[in-house]
Amino acid sequence: MDGHFLEATGLSRAFGGINAVAGVDIAIGPRDLLCVIGPNGAGKSTLVGLLSGAIAPGAGELYLDGERMTGRRMHEFCRRGVARKFQGTNTFLTMTVRENLTVAGLGVAPYRGSPMPEPDEVLEEVGLADQAGELASHLPHGERQWLEIGMAMMCQPALLLLDEPAAGLSAKDAQRLVRLIHRLRERCAVLAIEHDLAFVQSLACETWVMHRGEVVRKGSYADIARDEEIRRIYLGKGAAHATH
């Protein structure tokens with residue numbers, strides 16, 4: 001499908017008569033990096049749910065690598081190359097860091113047609129090699145974020161979906177995450193939804209603005225931040241500072 005791994009048209013989903021996502025078209029190619037921003041209730045998390053198979057669309061079509069996936073379940077999306085990091089952290093706290101990665105890889109490797117990645121290599125990539133033998137429960141918040149991203153990378157994704165990955169991170173850890181995302185982009189496409197505008201600015205990638213279920217602006221973060229309407233309605237008071 002024109003070189004795109006994921007292509008969706010007219011994606012829509014309503015809850016209780018309210019359009020959470022309304023007619024969104026999206027195409028994501030290999031190594032694309034896209035950030036989606038917008039106020040609470042804009043439809044960002046619902047969009048990620050639709051793209052990961054966690055939520056079935058009410059209307060629209062979705063294809064992965066040319067295969068129709070509309071209405072299929074989340075594990076089928078994962079086996080086809082879509083990995084999602086949820087908001088917050090979801091790890092096995094009583095297992096070691098290395099064991100968390102091994103479990104994640106074993107769940108998908110038989111369906112991906114290639115051997116499971118070496119956990120220690122992934123830990124090196126996400127900066128947790130020195131913590132491989134520690135229990136996940138002993139990691140600080142930021143390192144649990146790296147661990148969950150590492151677990152997603154064990155699934156050998158073609159597309160990595162990140163739901164507010166900078167939430168709760170210090171400024172230093174957020175910048176570390178920016179560098180990690182750019183490294184991961186060499187292996188897969190990445191779509192992130194985020195509220196931290198300094199983090200979005202640092203990603204320096206294509207940025208979409210959602211409002212009331214629709215994508216209302218597309219462009220670079222710099223272009224969007226200069227849009228007075230977007231700054232006032234969607235980016236808030238922090239926008240002026242974030243553009244300096």
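Numbers here are sequence positions counted from 1. What you are looking at is a predicted structure, and each value in this text was computed from that prediction instead of being measured.
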Answer with yes or no whether the hydrophobic clustering places Val215 together with Leu162; edges join I, L, V, M, F, W, Y residues whose side-chain heavy atoms lie under 4.5 Å apart.
->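 No, it is not one cluster - the side chains of Val215 and Leu162 are not joined through contacts under 4.5 Å.
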Single-linkage hydrophobic cluster, 4.5 Å side-chain cutoff, Val178 and Ile193 together =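 Different clusters: Val178 never reaches Ile193 through Ile, Leu, Val, Met, Phe, Trp or Tyr contacts under 4.5 Å.
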Interatomic distance, [X] atom [atom1] to [Y] atom [atom2] [nearest 0.5 angstrom]:
X	Y	atom1	atom2	result
Lys172	Leu177	NZ	CG	14.5 Å
Leu191	Leu33	CG	CG	8.5 Å
Ile28	Leu161	CD1	CG	7.0 Å
Arg72	Phe77	CZ	CZ	8.0 Å
Thr207	Gln201	OG1	CD	10.0 Å
Asn100	Met95	CG	CE	7.0 Å

Taking the side chain as C-beta and beyond, is there a heavy-atom pair between [X] and [Y] under 4.5 Å?
X	Y	value
Leu51	Val82	no
Phe5	Leu64	yes
Trp146	Arg176	yes
Pro165	Glu194	yes
Glu67	Asp65	no

In terms of heavy-atom contacts, does [atom1] of [X] have more than 12 from other residues, nucleotides or ligands at under 6.0 Å?
X	atom1	value
Leu106	CG	yes
Arg73	CZ	no
Arg212	CZ	no
Phe15	CZ	yes

N/O donor-acceptor pair under 3.5 Å between Arg144 side chain and Ser137 backbone |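 Checked: pair present.
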Expected output: side-chain Gln156 to main-chain Met116 donor-acceptor under 3.5 Å =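 Judged by distance alone, no pair lies under 3.5 Å.
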So which of Glu76, Glu61, Glu7 actually passes salt bridge (charged side-chain N to carboxylate O under 4.0 Å, His left out) with Arg68?
->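 Passing option: Glu61.
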Taking NZ, NE, NH1 and NH2 as the nitrogens, is one of them in Asp227 or Arg217 under 4.0 Å from a carboxylate oxygen of the other?
->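 Answer for the salt bridge query: yes.
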Pair Glu125 + Arg183: basic N to acidic O under 4.0 Å |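 No, no charged N to carboxylate O under 4.0 Å.
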Is there a donor in the side chain of Thr91 and an acceptor in the side chain of Glu148, or the other way round, less than 3.5 Å apart?
->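 Absent: no donor and acceptor within the cut-off.
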Any side-chain donor paired with an acceptor under 3.5 Å for Gln175 and Ser202?
->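 The answer is yes; a qualifying pair exists.
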Restricting to pairs with a member in residues 10-33, which pass side-chain hydrogen bond (donor to acceptor under 3.5 Å, both in side chains), not counting sequence neighbours?
->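 Residue pairs passing side-chain hydrogen bond (donor to acceptor under 3.5 Å, both in side chains), neighbours aside: none found.
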Of the non-hydrogen atoms in Ile37 and Lys44, which two are nearest, and what is the gap between them?
->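 Closest pair (atom of Ile37, atom of Lys44, distance): C-CD, 3.5 Å.
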